[in-house]
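We count residues from 1, following the sequence as given. Counting starts at 1 for both ligands and their atoms, following the listed order. Just so we're clear, the structure is a prediction, and the values are computed from it rather than from any experiment.
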Amino acid sequence: MNPFIELGIRHDIVNAISELGFENPTPIQEQSIPVLLTGSNDFVGLAQTGTGKTAAFGLPLLELLDFEENHPQALVLCPTRELCLQITNDIKNYSKKMDNVHVVAVYGGASIMDQLRQIKRGVQIVVATPGRMLDIINRKAIDFSKVKFVVLDEADEMLNMGFQEDIDNILSTTPDEKKTWLFSATMPTEVRRIAKKYMHEPFELTMGTKNTGNANIEHEYYIVRARDKYAAFKRIVDFNPDIFGIVFCRTKIETQDIAEALIKDGYNADSLHGDLSQQQRDKVMKRYRERSLQLLIATDVAARGIDVNDVTHVINYSLPDEVENYTHRSGRTARAGKTGVSISIINAKELGKIRQIERTLGKRFVKAEIPTGFDVCEKQLFSIVHKVHNVQVNEQQIEQYIPRIMEEFKDMSKEEFIKRFASIEFNRFLDYYKNAPDLNASVEEGGRRDRDDRGDRGERGASSGPSAYTRLFINLGSVDEFNRGDLLGYICNQTKISGRSVGKIDVKGVYSFFEVPNEDVEKVNAGFQGAEYKGRPVRIEVSGEGTSDRREGGGGYRGGDRREGGYRGGERREGGGGYRGGERSNSGGGDRRSGGFRDFSGKPREDRPERKRRF
Ligand code: AMP
């Protein structure tokens with residue numbers, strides 16, 4: 001039997017949700033539906049967005065209301081226009097095989113006349129943002145005297161946005177005997193207080209441990225010097241070629257600055273903040289939802305209610321002022337059972353804030369290392385290799401060009417061809433990152449040197465300190481069948497320096513690093529002068545010296561692409577649906593909901609005073 005039928009949902013609803021791909025209830029649906037179906041309890045559900053809570057309350061509402069009657073019986077209050085439209089749309093989808101179900105979305109920033117007309121025609125379920133709802137109540141255009149159920153969705157966000165008073169006023173127009181169902185991602189005192197105020201012995205359901213947030217989210221932090229933050233951020237992005245992320249900043253100005261810098265550097269990014277008009281925000285959100293934007297740079301307020309599936313990373317470019325906001329931010333990833341990463345880029349002084357968030361969430365964060373320039377190169381190289389391997393060939397279109405292409409490469413071996421093809425991208429990355437400095441800042445915590453401190457180097461022949469040794473790059477690695485021992489032998493043979501004086505050796509794929517005493521650098525350079533390995537010139541370069549902070553902080557390699565008309569450049573010039581965007585939307589990763597118009601909310605109340613727990 002279909003598990004939703006077992007939970008007590010009737011066939012016409014189950015058929016509709018099956019078409020949406022709901023085969024099994026999510027944990028919150030499994031636990032809350034039987035309770036809510038009794039219709040006799042107040043209810044508090046502590047659940048993140050993306051856990052399936054819309055259906056958790058939407059399906060019971062459809063079971064419990066009398067659709068022969070055409071007056072408001074359920075009121076769903078939510079913080080943003082986007083969420084309002086989404087809930088309305090979801091409930092319409094769940095009920096599409098039922099007769100005479102009328103759901104209306106009431107939210108700011110759209111024609112009130114339209115909404116009034118829909119209400120007048122007869123409606124059983126009203127989904128609303130508080131401000132516009134109150135406006136309509138004040139016009140005496142709606143009668144809530146027969147409301148049986150009130151749902152307060154994302155209650156913590158509604159309170160964050162200063163809607164407490166509006167909610168009080170709205171609820172005062174509903175009957176005392178109605179049942180109230182409250183959903184919230186976090187349970188700060190303010191939410192506890194309204195639960196107490198509006199509810200009588202509510203049934204409480206906590207998904208996971210209180211405040212732990214979504215278990216599918218991995219939390220990582222990177223410690224960098226303030227001046228390296230932007231470069232470090234870009235490296236993290238470059239190290240994740242398929243990133244589809246939301247980047248949080250603390251202020252509108254920072255949001256705009258970062259977005260502008262990224263765009264200038266050739267990244268596929270845009271900003272979302274309260275100074276944009278509704279139309280501008282809608283446009284940005286549309287591009288992001290359609291995956292023609294890869295990075296959305298947002299303030300906390302502007303990003304409230306954003307509900308886009310498949311967000312791979314949330315990046316806290318600046319940590320939020322309140323612990324609760326961290327949960328909201330990270331909850332934008334790992335939705336609908338997927339996994340996601342929440343990254344914080346901090347300076348050493350902010351470690352205390354991380355520890356505080358860890359304590360609140362009851363979760364340990366992973367201290368991660370900013371990847372080296374060469375790690376990025378390797379990652380990007382293999383990303384290209386995988387893309388080439390998996391690309392869908394348009395046989396018909398390419399057919400006519402094949403003879404000319406074959407002619408061009410007729411004298412080239414398969415190996416040589418692959419090497420050259422991969423080098424097109426790889427050289428560009430290598431060039432950009434070849435002298436990229438280490439961006440990780442060392443940190444002392446509780447008087448103890450952090451165990452990941454870079455000062456603690458080398459497994460073998462550990463260097464006496466970073467200044468006494470120089471780290472060198474060599475363009476040979478494991479693909480040339482070198483392990484550390486072989487490479488050591490090769491270096492000594494070539495340069496005649498003693499094996500004992502060689503420091504840490506780090507063999508990567510197509511390149512490696514090794515350390516030698518500063519005074520031996522010249523000897524190494526001389527030893528490799530004109531050297532070839534299997535017919536290939538051997539290249540030695542000093543790594544991490546003559547730092548290119550400015551280069552990396554400023555124009556990025558993607559910017560270079562643009563100038564050279566590389567693939568990302570091409571993508572940008574073509575307008576929307578670029579290389580990545582096209583790729584993503586073709587992969588069918590888009591929103592499963594039909595007509596899933598998830599627009600942004602009415603103008604956010606960034607000006608409202610907030611009384612929140614601060615670090
Ligand atoms: P929500 O938390 O209600 O916003 O839901 C998050 C996402 O999960 C939405 O895209 C829903 O369509 C999807 N979803 C909800 N319930 C289920 C289910 N039982 N099976 C599969 N997907 C679901």
Side-chain angles (χ1 to χ4, degrees), residues 1-9 13-34 36-37 43 45-62 76-96 103 105 125 127 151-157 181-186 205-208 213-217 244 285 288-289 291 303-311 327-328 330-340 588-601:
M1 199 199 282
N2 181 299
F4 283 99
I5 301 266
E6 281 180 48
L7 285 180
I9 305 295
I13 299 179
V14 172
N15 288 342
I17 60 173
S18 297
E19 285 176 16
L20 297 175
F22 294 17
E23 284 167 14
N24 291 298
T26 64
I28 186 159
Q29 290 161 1
E30 198 163 28
Q31 295 188 51
S32 60
I33 288 175
L36 297 180
L37 274 181
F43 176 91
L46 197 55
Q48 300 283 319
T49 52
T51 50
K53 67 186 164 52
T54 315
F57 65 77
L59 303 184
L61 283 184
L62 290 174
V76 181
L77 286 178
C78 60
T80 64
R81 161 183 145 135
E82 160 151 306
L83 190 58
C84 174
L85 284 163
Q86 182 204 317
I87 295 170
T88 310
N89 204 47
D90 285 353
I91 298 180
K92 283 183 179 168
N93 280 334
Y94 307 154
S95 62
K96 71 175 179 220
V103 192
I125 304 176
V127 184
V151 181
L152 301 175
D153 193 19
E154 304 211 347
D156 48 353
E157 293 210 2
W181 303 345
L182 179 147
F183 290 85
S184 193
T186 57
L205 189 67
T206 304
M207 298 313 300
N214 183 332
N216 292 337
I217 304 173
F244 178 55
M285 276 314 296
Y288 188 62
R289 265 196 306 273
R291 273 75 171 157
R304 272 179 193 150
I306 287 182
D307 176 33
V308 175
N309 284 344
D310 302 325
V311 171
T327 316
H328 286 304
S330 54
R332 303 289 147 219
T333 183
R335 301 172 62 77
K338 309 252 172 55
T339 54
D591 202 324
R592 231 183 314 123
R593 298 167 208 234
S594 59
F597 177 60
R598 296 178 192 199
D599 256 324
F600 195 66
S601 63

Can you list the atoms of ligand 1 that are under 4.0 Å from a heavy atom of Lys53? 1 (P), 2 (O), 3 (O)
Short list, please: which atoms of ligand 1 are under 4.0 Å from a heavy atom of Thr51? 2 (O)
Nearest heavy atoms of Gly340 and Thr333, plus distance in Å: CA-OG1, 3.2 Å
Side-chain (Thr54) to main-chain (Ile87) donor-acceptor, under 3.5 angstrom: no
Closest non-hydrogen atoms of Arg332 and Val311, given as atom of the first, atom of the second and distance, are O-CB, 3.4 Å
Contact check: Glu23 vs ligand 1, nitrogen or oxygen atoms, below 3.5 angstrom: no
Compare every heavy atom of Pro60 with every heavy atom of Leu37, then report the nearest pair and how far apart it is. CD2-CA, 3.8 Å
Less than 3.5 Å between some nitrogen or oxygen of Asp90 and one of ligand 1, yes or no? no
Structural part of Leu20 in contact with ligand 1, heavy atom criterion under 4.0 angstrom: neither
Output yes when the distance from some N or O of ligand 1 to some N or O of Gly52 is under 3.5 Å, and no in every other case. yes
N/O donor-acceptor pair under 3.5 Å between Gln29 side chain and Gly52 backbone: yes
Can you list the ligand 1 atoms lying under 4.0 Å from a non-hydrogen atom of Thr26? 16 (N), 17 (C), 18 (C), 19 (N)
Ligand 1-proximal atoms of Phe4, by part, heavy-atom distance under 4.0 Å: side chain
Suppose I only count heavy atoms of Thr54 and a 4.0 Å limit; which atoms of ligand 1 are within that range? 1 (P), 3 (O), 4 (O)
Return the option from Phe22, Tyr94, Phe57, Phe183 holding the heavy atom at the smallest distance from atom 14 (N) of ligand 1. Phe22
Would Ile125 and Leu62 satisfy side-chain contact (heavy atoms from CB on, under 4.5 Å), going step by step from the backbone distance to the final call? CA-CA 9 Å; Ile125 304 176; Leu62 290 174; 4.2 Å; yes
Answer yes or no: is there a side-chain heavy-atom contact under 4.5 Å between Glu154 and Lys53? yes
Using ring pair (Phe, Tyr, Trp, His ring centres under 6.0 Å) as the criterion, point out the one residue from Trp181, Phe57, Phe183 that pairs with Phe43. Phe183
List ligand 1 atoms under 4.0 Å from Gln86, heavy atoms only on the residue side. 4 (O)
So the atoms of ligand 1 within less than 4.0 Å of a heavy atom of Asn24 turn out to be 18 (C), 19 (N), 20 (N)
